[in-house]
Protein chains: 2
Amino acid sequence: MSTAEETAGGEMPPWAEVTPDAARRLLVAAVEAFAERGYHATTTRDIAGRAGMSPAALYIHYKTKEELLHRISRIGHEKAVEILRTAAQGEGSATERLADAVSSFVRWHAGGRTTARVVQYELDSLGPAARAEIIALRRQVDAEVRGIIEDGVASGEFDVLDVQGTTLAVLSLCIDVARWFNVNGPRTPDEVGALNADLVLRMVGARK
Amino acid sequence: MSTAEETAGGEMPPWAEVTPDAARRLLVAAVEAFAERGYHATTTRDIAGRAGMSPAALYIHYKTKEELLHRISRIGHEKAVEILRTAAQGEGSATERLADAVSSFVRWHAGGRTTARVVQYELDSLGPAARAEIIALRRQVDAEVRGIIEDGVASGEFDVLDVQGTTLAVLSLCIDVARWFNVNGPRTPDEVGALNADLVLRMVGARK
DNA sequence: TCGCGGCCTGAGCGAGCGCTTAGCCTGCCC
DNA sequence: GGGCAGGCTAAGCGCTCGCTCAGGCCGCGA
């Protein structure tokens with residue numbers, strides 16, 4: 001759907017779909033602020049200031065502060081589903097598809113740690129309706145990973161006792177990266193992706 | 001040091017060390033509120049209300065709201081270090097000690113999910129001084145796990161390419177449990193602990 | 001018996017919050 | 001050229017926040 005996808009570097013601009021320009025600048029500012037301080041500790045004045053606007057400008061493009069979080073969360077989760085779906089529908093063996101899924105998903109959490117933090121850890125700040133919508137997207141995330149694992153079990157590639165429990169563990173290895181990854185640390189997103197993909201293949205008992 | 005340690009059930013009272021009684025009630029109320037809503041979304045009126053006191057009572061026992069979070073975080077991290085240290089200094093092989101460490105640590109995150117959520121995800125709400133103190137405790141957590149893995153590599157029990165990267169992955173499998181575990185879900189803390197311990201042994205290439 | 005110190009409350013202060021309103025620019029169509 | 005619609009700002013409203021303070025209750029030592 002969108003343009004550049006696997007350009008190297010850190011965070012590519014995945015917010016191209018947000019228009020007009022001022023609305024996108026506000027949303028990007030909100031992502032940064034939410035990731036740094038958390039949703040409740042971020043003020044609308046801070047968001048507007050980062051975007052170079054007055055506090056009132058925010059309310060021309062968004063009805064409330066919560067709508068900003070909702071939009072960020074939905075776009076982020078849709079991107080997460082897309083990454084996993086692309087890997088799951090690939091052509092290789094279950095082993096290859098699982099490794100691809102984990103390394104892509106880990107790269108997304110490490111490289112776009114700012115976005116990933118908001119997406120993964122600020123869910124509870126949404127109201128009931130918005131939260132329900134996001135939870136549905138999370139179930140799709142879970143289903144994509146579980147699907148690959150089930151394929152591998154069916155084909156005999158994997159040796160797994162508890163499919164759903166292992167699915168949760170695989171997702172933990174991806175998502176928790178957003179908690180500890182440090183952009184100035186010794187590891188690149190690619191390296192963490194490769195390592196965690198290898199660890200996941202060991203977990204499911206795939207022969208390397 | 002303390003009394004009952006491995007009584008079954010959910011959350012044992014690990015706050016016995018907090019005195020006097022009113023201070024402990026306030027702290028327990030704060031843990032619940034912080035876990036439910038997050039630090040910044042929790043008001044001092046809410047904490048005091050849960051403890052059956054007026055808002056002003058809080059400030060007799062704690063100087064600020066942040067001091068409450070600091071105390072919770074320090075006690076929680078000390079407990080985490082204690083759990084892992086106990087497992088690491090056990091008598092078995094590295095394989096047995098790693099499985100013990102992971103299953104205990106996962107049980108703590110699942111059973112005491114309320115506390116674990118605050119401990120693992122509210123670190124950034126602390127001021128610089130308090131945060132530095134807590135980060136030092138986290139390094140001890142990391143070191144205990146890494147120590148066991150290094151032992152296993154040295155003894156030839158484990159086959160690990162990247163010791164520090166694997167340490168981070170093991171901790172992810174433990175800590176992320178606090179994010180997704182549901183007390184009303186189908187799994188008990190014991191079951192998740194056993195499963196994740198098994199998955200970790202696969203990750204480090206231990207023969208079962 | 002009485003004073004005194006420790007725990008607690010009711011009332012409320014100053015500040016900063018999310019959000020609104022009135023009005024000003026600017027570019028565009030007729 | 002004139003009216004108008006959309007994007008923006010300065011000012012500020014009403015509210016709730018973290019926290020304070022003066023005073024009341026209660027148990028205990030003299």
Side-chain angles (χ1 to χ4, degrees), chain A residues 15-73 118 122-131, chain B residues 15-73 118 122-131:
Chain A
W15 307 115
E17 60 211 278
V18 181
T19 54
D21 182 72
R24 179 172 50 252
R25 270 158 48 219
L26 284 163
L27 189 133
V28 169
V31 170
E32 289 172 6
F34 292 162
E36 271 180 34
R37 312 205 212 299
Y39 174 78
H40 288 290
T42 298
T43 69
T44 54
R45 286 160 177 86
D46 182 22
I47 296 170
R50 285 175 193 245
M53 294 172 165
S54 82
L58 196 150
Y59 293 91
I60 295 163
H61 300 281
Y62 301 96
K63 238 176 4 192
T64 61
K65 180 177 129 180
E66 193 196 320
E67 190 191 325
L68 261 170
L69 177 60
H70 184 194
R71 287 267 252 270
I72 292 167
S73 202
V118 179
E122 297 291 346
L123 172 65
D124 291 341
S125 301
L126 289 169
R131 183 160 59 238
Chain B
W15 307 115
E17 60 210 279
V18 182
T19 54
D21 182 70
R24 179 172 50 250
R25 270 159 48 219
L26 284 163
L27 189 133
V28 169
V31 169
E32 288 172 7
F34 291 162
E36 270 179 36
R37 309 206 214 298
Y39 174 77
H40 287 291
T42 299
T43 69
T44 53
R45 285 162 176 83
D46 182 21
I47 297 170
R50 285 175 193 246
M53 295 171 162
S54 82
L58 196 151
Y59 293 91
I60 295 162
H61 301 282
Y62 302 96
K63 237 178 3 193
T64 62
K65 181 176 130 180
E66 194 196 319
E67 190 192 324
L68 260 170
L69 177 60
H70 184 195
R71 288 266 254 270
I72 292 166
S73 201
V118 179
E122 298 291 347
L123 172 65
D124 291 342
S125 301
L126 289 169
R131 183 160 60 238

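In what follows, every chain begins at residue 1, and chains take the letters A, B, ... in the order their sequences are listed.
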Paired with A/E67, the side-chain hydrogen bond (donor to acceptor under 3.5 Å, both in side chains) test is passed by just one of A/K65, A/H70, A/R71, namely A/R71
Rounding to 0.5 Å, atoms CD (A/E36) and CG (A/D46) come to a distance of 8.0 Å
Using distance only, find each side-chain donor-acceptor pair of residues 25-35 of chain A under 3.5 Å and give its atom names and separation, not counting sequence neighbours.
| unit_1 | atom_1 | unit_2 | atom_2 | d |
| --- | --- | --- | --- | --- |
| A/R25 | NH1 | A/D21 | OD2 | 3.2 |
| A/R25 | NH2 | A/A51 | O | 3.3 |

Pairing residues for B/E66 by the salt bridge (Lys or Arg N to Asp or Glu O under 4.0 Å) criterion, not counting sequence neighbours:
none
Sequence-distant partners of B/R131, salt bridge (Lys or Arg N to Asp or Glu O under 4.0 Å), two or more places apart:
none
Shoot me the first and last contacting nucleotide of DNA chain C against chain A, ordered 5' to 3', at under 4.0 angstrom to non-hydrogen atoms.
C/dC17 to C/dT21
Is there side-chain contact between A/L126 and A/Y39, with heavy atoms separated by less than 4.5 Å?
no
Could you say whether B/A56 or B/P20 is positioned toward the 5' end of DNA chain C, judged by the nucleotide with the nearest heavy atom to each?
B/P20
Side chain to side chain contact (heavy atoms under 4.5 Å, CB included) assessment of B/S125 paired with B/H40
CA-CA 8 Å; B/S125 301; B/H40 287 291; 3.6 Å; yes
First contact, last contact: which nucleotides of DNA chain D are these for chain B, 5' to 3', heavy-atom distance under 4.0 Å?
D/dC17 to D/dC21
So, does A/Y62 use its side chain to make a donor-acceptor pair with the main chain of A/L69 at under 3.5 Å?
no
Would you say the side-chain atoms of A/R37 pair up with the backbone N or O of A/T42, donor to acceptor, closer than 3.5 Å?
no
Using the C1' atoms of the five pairs at each end, what is the angle between the end axes of the helix from C/dT1-D/dA30 to C/dC30-D/dG1, to 10°?
10°
So which atom in A/H61 and which in A/A22 form the shortest heavy-atom distance, rounded to 0.1 Å?
NE2-CB, 3.7 Å
Within the structure shown, what part of the strands sits under 4.0 Å from A/S54 by heavy-atom distance: base, sugar-phosphate, or nothing?
base
